Student: 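Shown below is the structure under consideration.
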Amino acid sequence: MPELPEVEIMRRYFEEVALGKKMVAITFHDHLDKIFKTNRKTLTQKLVGASFTETERIGKYLFAKLDSGGWLHLHFGMTGNLELFRSEELPKYTRLVFEFEDGDKLAYRDLRKFGVVEWVENLADFQKKQKLGEDLLTISAEGFQKGLENRKVAVKTALLDQKHFAGIGNWIADEMLFNCGIHPQKRCDQLTTEDFKALHQSGVEIVQEAIAADTHYGDFPEHFFVNYRKEKAQHPEHPKSPVERLVVGGRGTFIVPEKQKL
DNA sequence: TTATATGTTCGATA
DNA sequence: TTATCGAACATATA
């Protein structure tokens with residue numbers, strides 16, 4: 001589910017349902033423990049008895065501050081999300097539950113277990129160590145260009161790299177490249193300043209619109225290219241140029257050949 | 001049975 | 001030392 005817009009939507013949801021409420025227990029439900037980069041014992045010590053006081057988001061990384069010190073970092077991988085519940089039965093694919101004093105329970109769910117839950121002391125240090133760039137919504141057009149212009153890799157591959165600016169994922173990258181009429185395999189260092197400007201603007205617009213529309217995967221504004229993001233789909237503006245699938249940087253990539261040429 | 005999936009990391013190679 | 005590439009991770013669905 002989660003690229004920048006959906007993580008932002010989850011951040012807002014997290015604020016609504018979890019902020020300011022004391023945790024009375026947390027329970028773990030991943031026998032591999034792969035998700036928990038901080039061990040169970042430490043997580044329990046940090047969380048139980050504490051409350052969340054505020055949230056932050058950088059790209060696809062969500063953080064919630066603890067009144068006991070430090071932050072909880074949540075990453076949702078490819079298939080993670082949050083769900084408030086009160087029933088005895090766990091929501092499907094629940095890996096961690098936060099139990100609050102008012103009886104609410106918040107499930108961290110993640111089918112494929114590519115997500116991460118961990119405690120971090122300090123956000124700036126974490127960002128540095130993780131080589132996590134500035135959020136796409138706040139980086140300047142110049143900063144955006146700087147992160148890309150000298151790279152020799154395919155532009156799509158560079159857009160997915162989180163180290164210069166953070167938040168773009170596979171469908172947003174395709175959406176931006178379609179909007180700008182740029183072929184995903186074009187090398188970064190072949191692009192013009194106009195291209196970089198257009199990509200930056202397009203990225204910000206897509207993300208803002210997706211957030212405003214409260215978009216979840218499979219539920220996008222009608223004019224988004226992602227709705228035609230499958231092999232042989234016919235985009236209304238390009239009826240004679242059916243959508244083609246390529247693999248770029250190991251990721252499935254969709255283009256309208258007539259509009260995006262190498 | 002094979003291919004694909006919204007993300008990131010790690011080891012090999014240049 | 002840095003940049004790039006491809007495989008790997010775990011699970012479901014078509």
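Proteins come first, then strands; the chains are lettered A, B, ... in the order of their sequence lines, and each starts at number 1. Nothing here was measured: the structure is a model prediction, and the numbers come from that model. Computation of the quantities below employed the complete heavy-atom set of this structure, encompassing side-chain atoms and omitting hydrogens, waters and symmetry-equivalent molecules.
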Student: Mind listing the closest non-hydrogen atom pair of A:Thr94 and A:His29 along with its distance?
Tutor: O-CB, 3.3 Å
Student: Let me know the distance between NE2 of A:His31 and C1' of C:dT11, rounded to the nearest Å.
Tutor: 11 Å
Student: Can you measure A:Ile35 atom CD1 to C:dT11 atom P for me and round it to whole angstrom units?
Tutor: 9 Å
Student: How are the rings of A:Phe52 and A:Phe100 set relative to one another: parallel (under 30°), tilted (30 to 60°) or perpendicular (over 60°)?
Tutor: perpendicular
Student: Under 4.0 Å from OP1 or OP2 of C:dC5: is there any side-chain N or O of A:Arg151 that close?
Tutor: no
Student: Measure across A:Ile182 and A:Lys186 and return the closest heavy-atom pair with its distance rounded to 0.1 Å.
Tutor: CG2-CB, 4.4 Å
Student: Can you figure out which of B:dA5, C:dT4, C:dT11 approaches the side chain of A:Arg245 most closely?
Tutor: B:dA5
Student: What does A:Gly250 touch in the nucleic acid at a heavy-atom separation under 4.0 angstrom: a base, only the sugar-phosphate, or nothing?
Tutor: nothing
Student: Under a cut-off of 3.5 Å for both distances of each Watson-Crick or G-U pair, what dot-bracket string does DNA chain C give, using [ ] for crossing pairs and | for inter-strand pairs?
Tutor: .||||||||.||||
Student: I'd like a list of close polar pairs between nucleotides 8-12 of chain B and the protein, N/O only, cut-off under 3.5 Å.
Tutor:
{"unit_1": "B:dT8", "atom_1": "OP1", "unit_2": "A:His75", "atom_2": "NE2", "d": "2.8"}
{"unit_1": "B:dT8", "atom_1": "OP2", "unit_2": "A:Lys60", "atom_2": "NZ", "d": "3.0"}
{"unit_1": "B:dT9", "atom_1": "OP1", "unit_2": "A:Gln130", "atom_2": "NE2", "d": "2.6"}

Student: Only one of A:Thr42, A:Leu47, A:Val48 passes side-chain contact (heavy atoms from CB on, under 4.5 Å) with A:Thr44; say which it is.
Tutor: A:Val48
Student: Please give the distance between the P atoms of B:dG11 and C:dA10 as a whole number of Å.
Tutor: 15 Å
Student: Can a donor-acceptor pair be found between the side chains of A:Thr79 and A:Arg112 at a distance below 3.5 Å?
Tutor: no
Student: Looking only at N and O atoms, is any donor in the side chain of A:Arg112 or the base of C:dA12 less than 3.5 Å from an acceptor on the other one?
Tutor: no
Student: Is the NZ or CZ atom of A:Lys259 both under 6.0 Å from the centre of the six-membered ring of A:Phe178 and within 45° of that ring's axis?
Tutor: yes
Student: Nearest whole angstrom, please: distance from the P of C:dA12 to the NZ of A:Lys113.
Tutor: 9 Å
